[in-house]
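Heavy atoms only: backbone and side chains are in, while hydrogens, waters and symmetry mates are out.
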Amino acid sequence: MTMQKIVTSILVVTVLPTAAVIVGRAQSGGTPPVSTARAANAPPLVPVRLNADGNFRIAPPYVADPAFTAKPDVPQGRVIRFTMNSAESKIFPTAPAGRGGRQGGARGDTAPPVPAEPPQHQTFQRQVAVYVPAGYVSNTPAPFIVVQDGQSYVPGDPPAAADGQPRPFMPVMLDNLIHEKRIPPIVAVLVPPGPGGQRTIEYDTVSDRYMNFVESELLPRITRDYQVAFTTDPEGRATFGVSSGAAAALTIAWLHPNLYRRVISYSGTFVALQRNATALNGAWDFHQTFIPSSARKPLRIWLHVSENDLGATSPVEQMRNWVAANNRMAAVLKAKGYPYQFVFSEASGHVERSVVMQTMPEAFEWVWKGYKASGR
């Protein structure tokens with residue numbers, strides 16, 4: 001398919017009807033979806049199916065998957081917690097003091113003013129959690145997933161939800177999915193970014209710097225101190241992220257498919273936030289140039305966007321429209337023949353928690369489909 005045809009299909013798919021309501025975002029607490037009647041001329045819904053690739057469209061009410069409910073007969077994995085001090089890192093030794101600029105995923109189209117004096121930096125700590133499945137044998141290479149913004153998916157780490165709604169805690173979900181043999185017995189490395197503006201530096205920058213932190217500092221620390229070993233088989237290595245964390249997840253796999261081949265993305269920030277020589281338009285270049293202009297890589301990608309996601313009404317040419325960006329991602333992945341699933345959720349906002357609670361188990365099951373342990 002020519003780039004002209006791809007862009008034409010993008011323009012068609014991104015003209016979406018405005019929802020009657022806009023619901024809250026997951027990362028700021030969110031609100032439960034409000035059930036509203038769909039317009040008579042609304043596009044047909046396409047339920048997500050495990051055995052099919054392509055585009056899917058879902059609508060409220062969103063219902064939490066039973067996999068997030070602990071079951072007494074299901075063996076429980078354990079969660080290891082430890083602290084990483086940035087002063088010990090050669091890759092990210094400090095973070096900008098204060099906010100240091102907008103975090104990835106923030107609204108607004110203008111860049112912050114250039115400070116009159118050089119920015120100050122500070123050391124910081126990361127509170128890392130590692131989910132280890134029941135029955136794991138120490139120092140046995142295991143398939144695994146690296147979870148960006150990992151503090152949001154472990155009980156006790158995030159602040160209590162103001163609305164009292166449940167959160168998508170991964171340990172319980174993984175216990176159930178592994179027990180039901182819907183996914184292999186994977187380890188989950190749940191790692192937070194640095195504070196404030198450090199998040200967009202780590203996540204939105206299209207480079208291998210963050211991947212090098214994971215490979216040379218994070219994973220070896222876990223193996224050394226806790227005897228949890230990680231497979232070297234790229235088919236057994238996955239990444240997960242929401243918003244800017246999703247951009248990081250794809251960057252890891254895109255730049256190094258010899259290391260990672262499975263990606264899950266919610267409300268991916270495939271927009272122009274952090275520009276550099278590698279990506280003149282930041283993560284927007286994934287669908288603008290990288291994927292269309294490259295030979296297909298051995299990646300398996302699950303991605304989502306919400307109808308009322310960030311920048312939904314912004315002009316596409318500004319490259320700050322999350323809805324357009326993710327629709328463009330789906331179009332170029334389809335054109336290049338990638339195995340992918342793209343879920344569009346109606347009447348929902350940025351990383352809508354209720355949508356995540358309904359779809360995350362299916363996303364994990366689909367992205368791990370076809371995996372066979374290699375023994376290395």
Are the side chain of R296 and the backbone of G337 linked by a donor-acceptor contact shorter than 3.5 Å?
-> yes
Main-chain N/O of L280 paired with D285 side-chain donor or acceptor, under 3.5 Å | yes
Mind checking what makes salt bridge (Lys or Arg N to Asp or Glu O under 4.0 Å) contact with R275, not counting sequence neighbours?
-> none
Can you name the nearest heavy-atom pair linking P361 to V356, along with the distance?
-> CD-O, 4.5 Å
Is there a donor-acceptor pair under 3.5 Å between the side chain of Y131 and the backbone N or O of V172?
-> no
Which residues satisfy the salt bridge (Lys or Arg N to Asp or Glu O under 4.0 Å) test with D65, sequence neighbours excluded?
-> none
Do the non-hydrogen side-chain atoms of W366 and R300 ever get within less than 4.5 Å of each other?
-> yes
What's the shortest heavy-atom distance between P292 and K336, and which atoms?
-> O-NZ, 3.4 Å
Closest non-hydrogen contact found for Y203 with S244 is CB-O, 3.3 Å
Okay, side chain of E180, backbone of L177: is any donor-acceptor separation there less than 3.5 Å?
-> no
dist S152:OG -> M170:CE (nearest 0.5 Å) comes out at 9.5 Å
Measure from the side-chain N and O atoms of S348 to the backbone N and O of S345, and report whether any donor-acceptor pair falls under 3.5 Å.
-> yes
At their closest point, which heavy atom of R237 faces which heavy atom of T232, and how far apart are they?
-> NE-CA, 4.0 Å
Quick one: do V128 and F169 end up in the same hydrophobic cluster if we chain Ile, Leu, Val, Met, Phe, Trp and Tyr together by side-chain heavy atoms under 4.5 Å apart?
-> no
Nearest heavy atoms of A249 and Q148, plus distance in Å = CB-NE2, 3.9 Å
Tell me, with the steps shown, if E202 and R126 meet salt bridge (Lys or Arg N to Asp or Glu O under 4.0 Å).
-> CA-CA 13 Å; E202 295 180 9; R126 299 179 199 262; 2.7 Å; yes
Report yes if the side chains of Y371 and D233 come closer than 4.5 Å at any heavy-atom pair, otherwise no.
-> yes
Output for pair (Q198 CD, F124 CZ), nearest 0.5 Å, gives 4.5 Å
Apply side-chain contact (heavy atoms from CB on, under 4.5 Å) to the pair H179 and V74, showing each step before the final yes or no.
-> CA-CA 6 Å; H179 180 68; V74 172; 3.6 Å; yes
Distance only, no hydrogens: is a donor on one side chain within 3.5 Å (strictly under) of an acceptor on the other, for Y340 and N55?
-> yes
To the nearest 0.5 Å, what is the distance between OH (Y136) and CD (Q227)?
-> 9.0 Å
Does the side chain of S306 come under 3.5 Å of the side chain of Y266 through a donor N or O and an acceptor N or O?
-> no
I would like to know whether L50 and E362 meet side-chain contact (heavy atoms from CB on, under 4.5 Å); could you show each step before the answer?
-> CA-CA 7 Å; L50 178 64; E362 292 178 337; over 6 Å; no
Using a 4.5 Å cut-off on heavy atoms from C-beta on, say whether the side chain of P44 contacts that of R57.
-> no
From CA spacing to verdict: side-chain contact (heavy atoms from CB on, under 4.5 Å), V343, L303 = CA-CA 6 Å; V343 177; L303 67 161; over 6 Å; no
Could you tell me whether the side chain of N321 and the main chain of A324 form a donor-acceptor pair under 3.5 Å?
-> yes
Main-chain N/O of A52 paired with Q341 side-chain donor or acceptor, under 3.5 Å | yes
Decide yes or no for M319 and V271: does some side-chain heavy atom of the first lie under 4.5 Å from some side-chain heavy atom of the second?
-> no
Using the ring of each side chain (for Trp, its six-membered ring), is F240 parallel, tilted or perpendicular to Y153, with breaks at 30° and 60°?
-> perpendicular
Does the side chain of V242 come within less than 4.5 Å of S267's, by heavy atoms?
-> no
Side chains of T200 and D204: donor-acceptor distance under 3.5 Å anywhere?
-> yes
Aromatic ring proximity F344/F56, centre distance under 6.0 Å = no
Going by atom types only, do T359 and H304 share a side-chain donor-acceptor pair under 3.5 Å?
-> no
Which value, rounded to the nearest 0.5 Å, describes the distance between I291 atom CD1 and L250 atom CG?
-> 6.0 Å
For V206, does its backbone N or O pair with a side-chain atom of N276 as donor and acceptor, under 3.5 Å?
-> yes
Heavy-atom check, side chain of V187 versus side chain of P133, under 4.5 Å = yes
Spacing of L45 atom CG and R38 atom CZ [to the nearest 0.5 Å] | 3.5 Å
Minimal non-hydrogen separation, M84 against R221, with atom names | CG-NH1, 3.9 Å
Do S265 and W302 have a side chain donor and acceptor closer than 3.5 Å?
-> no
Can you check side-chain contact (heavy atoms from CB on, under 4.5 Å) on T123 and S86, steps first, answer last?
-> CA-CA 6 Å; T123 58; S86 71; 3.4 Å; yes
Quick one: does R261's side chain have a donor or acceptor within less than 3.5 Å of a partner on P257's backbone?
-> yes
Around K334, counting heavy atoms of other residues, nucleotides and ligands shown, do more than 12 lie under 6.0 Å from its NZ?
-> no
Do I91 and I201 share a hydrophobic cluster, counting only Ile, Leu, Val, Met, Phe, Trp and Tyr and linking them when any side-chain heavy atoms are less than 4.5 Å apart?
-> no
S374 backbone acceptor or donor facing E235 side chain under 3.5 Å = no
Taking the side chain as every heavy atom from C-beta outward, state whether Q288 and S293 have any atom pair closer than 4.5 Å.
-> no
Assign the ring pair Y210 / F213 to parallel, tilted or perpendicular, where the plane angle (0 to 90°) is split at 30° and 60°.
-> tilted
Under the ring pair (Phe, Tyr, Trp, His ring centres under 6.0 Å) rule, collect the residues that match up with F230, sequence neighbours excluded.
-> F144
Under 3.5 Å, is there a donor-acceptor pair between the S207 and T278 side chains?
-> no
Is the closest side-chain donor-acceptor distance between T83 and Q127 under 3.5 Å?
-> yes
Path from I58 to V367 over hydrophobic side-chain contacts below 4.5 Å = yes
Look at atom CZ of R49 and say whether more than 12 heavy atoms of other residues, nucleotides or ligands are closer to it than 6.0 Å.
-> no
In terms of hydrophobic clusters joined by side-chain contacts under 4.5 Å, are L190 and Y226 together?
-> no
With a distance cut-off below 6.0 Å to the six-membered ring centre and an angular limit of 45° from the axis, does R320 pair with W284 as a cation-pi contact?
-> no
Kindly work out whether a path of hydrophobic side-chain contacts (I/L/V/M/F/W/Y, heavy atoms less than 4.5 Å apart) joins F364 to V79.
-> yes
Between CG on residue L255 and CG on residue N212, distance to nearest 0.5 Å | 10.0 Å
